[in-house]
Amino acid sequence: MTATRDGASYEVAVRAESALGEGPTWDPATGRLLWIDILNSRLNGYDPATGRRTLRRTDQHVGAVKPRAGGGLVLNLRDGIGLLDPDDTFHWLRHEPVPGRRGNDAAVAPDGALWAGTMRYDEATGGGTLARVTGDGAAELVLDDVTVSNGTGWSPDGRRMYYIDTPTRRIDVFDHDADTGRVTGRRPLAEVEDGAGFPDGLTVDAEGCVWVALWDGAAVRRYTPSGALDRVIELPVPRVTACAFGGPGLTDLYITTARVGLDPAPPLAGSLLVVPGAGEGVAQPAFAG
């Protein structure tokens with residue numbers, strides 16, 4: 001256990017060498033932390049009660065994995081949205097390949113819809129999207145001028161949606177209509193200053209504060225609902241990719257990291273880290289499909 005700048009202590013939950021570890025998600029039905037290694041096409045699972053790990057490979061790059069309400073998983077893949085049934089059978093919910101583009105981060109809204117982001121492999125400006133996908137596979141394009149679609153999350157009351165397009169360096173906030181799923185009024189909540197890294201994945205806690213992982217920033221930051229920076233958890237790897245609360249009481253902050261592009265890579269780059277007792281998370285809905 002190692003202390004961070006704000007007095008919190010991080011531990012190594014799973015020592016690994018993920019090229020691009022991403023998307024930690026707590027699955028309350030199984031008591032596992034799920035996360036992915038995008039570039040190695042891997043789905044990972046970790047049971048903190050037993051220490052048991054699981055690994056499943058996908059046939060193509062996978063940008064996000066989330067639990068489904070009826071069991072199984074939904075995947076944001078290179079060529080669209082796929083479903084894994086409880087018996088591990090795979091089928092497409094939406095198959096819409098676009099050459100040079102892949103799925104990236106995704107999140108499940110309070111109404112059970114999947115908000116799935118995409119990006120170009122070459123990170124071309126405006127080459128990505130953000131879409132809202134319902135349980136029956138219907139999709140609505142929400143944003144079509146995105147570069148690297150990343151962290152998405154909702155306030156505890158569901159009235160706000162937070163979103164990150166990484167190169168903008170901003171954490172943006174929208175007004176969210178829980179009845180229709182529509183978002184309006186996009187505006188900046190906070191901006192990451194030059195030299196502090198780039199905002200990547202995010203999660204929202206029970207106080208409505210937004211925790212943001214910093215790619216090339218070696219830290220996770222917490223911003224208040226007004227956009228004020230009030231906590232910084234410094235970490236031993238530069239490429240911090242995403243964070244989520246997990247554990248039985250949703251009090252432990254799990255953090256994914258990457259080693260891609262680092263030569264030499266620090267010893268813990270690509271590992272899954274955890275800060276026990278970092279705060280209090282909010283139970284995340286499962287995908288309605």
- Across all chains, not counting sequence neighbours, the side-chain contact (heavy atoms from CB on, under 4.5 Å) partners of Arg78 are Gln60, Arg102, Tyr121
- Who pairs with Thr147 by side-chain contact (heavy atoms from CB on, under 4.5 Å), at least two apart in sequence or on another chain? Thr125, Asp165, Pro167
Salt bridge [X]-[Y], side-chain N to carboxylate O under 4.0 Å:
X	Y	value
Asp37	Arg259	no
Asp205	Arg231	no
Asp175	Arg159	no
Glu17	Arg42	no
Asp172	Arg186	yes

- Query: Relative to each other, are the rings of Trp92 and His95 parallel, tilted or perpendicular (30° and 60° limits)?
  - Reply: tilted
- Connected via hydrophobic side-chain network under 4.5 Å: Val282 and Met161: no
- Establish whether Val212 and Phe198 are linked, either directly or via other cluster members, by ILVMFWY side-chain heavy-atom contacts under 4.5 Å. no
- Message: Checking side-chain polar atoms at under 3.5 Å, does Thr257 have a donor or acceptor matched by the opposite partner on Ser271?
- Response: no
- Item | Student check: side-chain heavy atoms of Asn104 and Ile38 closer than 4.5 Å | yes
